[in-house]
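Counting starts at 1 for both ligands and their atoms, in listed order. The first residue in the sequence is number 1, and the count goes up from there. Not measured: the values here are computed from a predicted model.
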Amino acid sequence: MKVNKLAIIGGGNLGTAIAKGLLANGLLEASQIYITRRRTALLNEFLEKGVNVSNDNRLAASGADVILLGVKPYQLEQVVKEIGPELNPNTILISLATGISSESIQSFCPVKLPIFRAMPNTAIEIGESMTCVSAYNANQEQEDQVLELFSQMGQALIIPEELMAASTVLAACGIAYAMRFIRAATQGGIEIGFGSKLALQISAQTIKGAADLLIQKGTHPEDEIDKVTTPRGVTISGLNEMEHQGFSSSLIKGLLTSFNKIENGK
Ligand SMILES: NC(=O)C1=CN([C@@H]2O[C@H](COP(=O)(O)OP(=O)(O)OC[C@H]3O[C@@H](n4cnc5c(N)ncnc54)[C@H](O)[C@@H]3O)[C@@H](O)[C@H]2O)C=CC1
Ligand SMILES: O=C(O)[C@@H]1CCC=N1
């Protein structure tokens, strides 16, 4: 992708994770990246790497080919209106905000322009994100450009905008759910004899191996489970006990709770 200038407006948790992902992949020179937030002192690590750090959103947006909006949803309208004079019909605007439609974002802009919503997860920092993207007012070339950008920092997919809430839950919140699984496994590991450090190492690498089996072989989880569950063995006993305690059910209910909160604000 030919990007001369990329601006991240709102360098918080997600904005800085993306900046780290871009730098780690050498996708752009540090000098091509602009990142803003109100308290710029919190972005010193980027300043030291040669990234342009500022609290001036218009300066960052001016002449940028790609603008990523990393502010909170309730701050989006004000920020888009602020940078409005710097937008042109070719600017690629990518919103990371949860729950604000492309149509609304377009209504904050003075010109019609390609608008993308992207929902990466925090593993973007290490190039392992699952990023779902929706496109609005964009042509094929622009869609390909945005997909290419996020594909360099993990896997990326274009999805219909109506699935953005679902992708937020499955992929973005999903990192937190997976972390909680690993934490619980670690706590169990300590009870059966490991120190916390070793228990965490074993649990995390085990989850990574499980995910990689599915990703690399394209198999179904139950096929892989069948290979581990010796008849009358210990794995099936543990798994069935987890299900009696509501393991899958609690995960699905949690997912739905997150989803309903995005959809209905509850
Ligand atoms: N995909 C994911 O894994 C995650 C997605 N999100 C989504 O990403 C968006 C950002 O969330 P976080 O990064 O957690 O928020 P955050 O609060 O860490 O970051 C927002 C940043 O915007 C800055 N900011 C606020 N007003 C500004 C302005 N007028 N000009 C410039 N900068 C301004 C703040 O100083 C802050 O650094 C939200 O919409 C949230 O829903 C958040 C966390 C994880
Ligand atoms: O928890 C949240 O609301 C945001 C959306 C996805 C990840 N963090």
Next on the checklist: Show the atoms of ligand 2 that are less than 4.0 angstrom away from any heavy atom in T168.
Outcome noted: 5 (C), 6 (C)

Next on the checklist: So does Q106 get a backbone contact from the side chain of K112, meaning a donor-acceptor N/O pair under 3.5 Å?
Outcome noted: no

Checklist entry - Can you find a protein heavy atom closer to atom 2 (C) of ligand 2 than 4.0 Å? => result no

Next on the checklist: Please check whether N121 reaches ligand 1 - meaning an N/O of the residue sits under 3.5 Å from an N/O of the ligand, judged on distance alone.
Outcome noted: no

Checklist entry - Pick from I35, L28, L43: which one makes a side-chain contact (heavy atoms from CB on, under 4.5 Å) with V51? => result I35

Item to check | Within reach of ligand 1, part of N55 (heavy-atom separation under 4.0 Å) | outcome: neither

Checklist entry - Quick one: CG on N57 to CD1 on I9, what's the gap to the nearest 0.5 Å? => result 4.5 Å

Checklist entry - Given side chains that start at C-beta, do those of L96 and L68 come closer than 4.5 Å, heavy atoms only? => result yes

Checklist entry - What protein heavy atom sits nearest atom 7 (C) of ligand 2, and how far off is it? => result A172 CB, 4.0 Å

Next on the checklist: Within the protein, is there a heavy atom lying under 4.0 Å from atom 2 (C) of ligand 1?
Outcome noted: yes

Item to check | K72-ligand 1 polar pair, N/O distance under 3.5 Å | outcome: yes

Checklist entry - Looking at atom 43 (C) of ligand 1, is any protein heavy atom nearer than 4.0 Å to it? => result no

Next on the checklist: Evaluate A172 for polar contact with ligand 1, using N/O atom pairs at a separation under 3.5 Å.
Outcome noted: no

Checklist entry - Has the side chain of Q32 got a donor or acceptor atom that lies under 3.5 Å from a matching backbone atom of V3? => result yes

Checklist entry - Does P120, backbone or side chain, put an N or O under 3.5 Å from an N or O of ligand 1? => result yes

Checklist entry - So, the side chain of N55 versus the backbone of R37: is there a donor-acceptor pair under 3.5 Å, distance only? => result no

Item to check | Heavy-atom side-chain contact between L22 and L149 under 4.5 Å | outcome: yes

Checklist entry - What atoms of ligand 1 come within less than 4.0 Å of a heavy atom belonging to Q75? => result 25 (C), 26 (N)

Next on the checklist: Which option wins on minimum heavy-atom distance to atom 27 (C) of ligand 1: I83, L69, V71, I100?
Outcome noted: V71

Next on the checklist: Suppose we measure from atom 5 (C) of ligand 2 to each protein heavy atom; which comes out shortest, and what is that distance?
Outcome noted: T98 OG1, 3.5 Å

Next on the checklist: Counting only heavy atoms, tell me which of A118, G70, S167 gets closest to atom 10 (C) of ligand 1.
Outcome noted: G70

Next on the checklist: Tell me whether E82 has any N or O atom under 3.5 angstrom from an N or O of ligand 1.
Outcome noted: no

Item to check | Any side-chain donor near an acceptor of the partner, E161 and S102, under 3.5 Å | outcome: yes

Checklist outcome for this item: At under 4.0 Å between heavy atoms, what of I175 touches ligand 1? The answer is neither

Checklist entry - Can you tell which part of R37 has a heavy atom less than 4.0 Å from ligand 1: side chain, backbone, both or neither? => result both

Item to check | Q216 (side chain) donor-acceptor with L213 (main chain) under 3.5 angstrom | outcome: no

Checklist entry - How far does CZ of F108 sit from OG of S104, to the nearest 0.5 angstrom? => result 5.0 Å

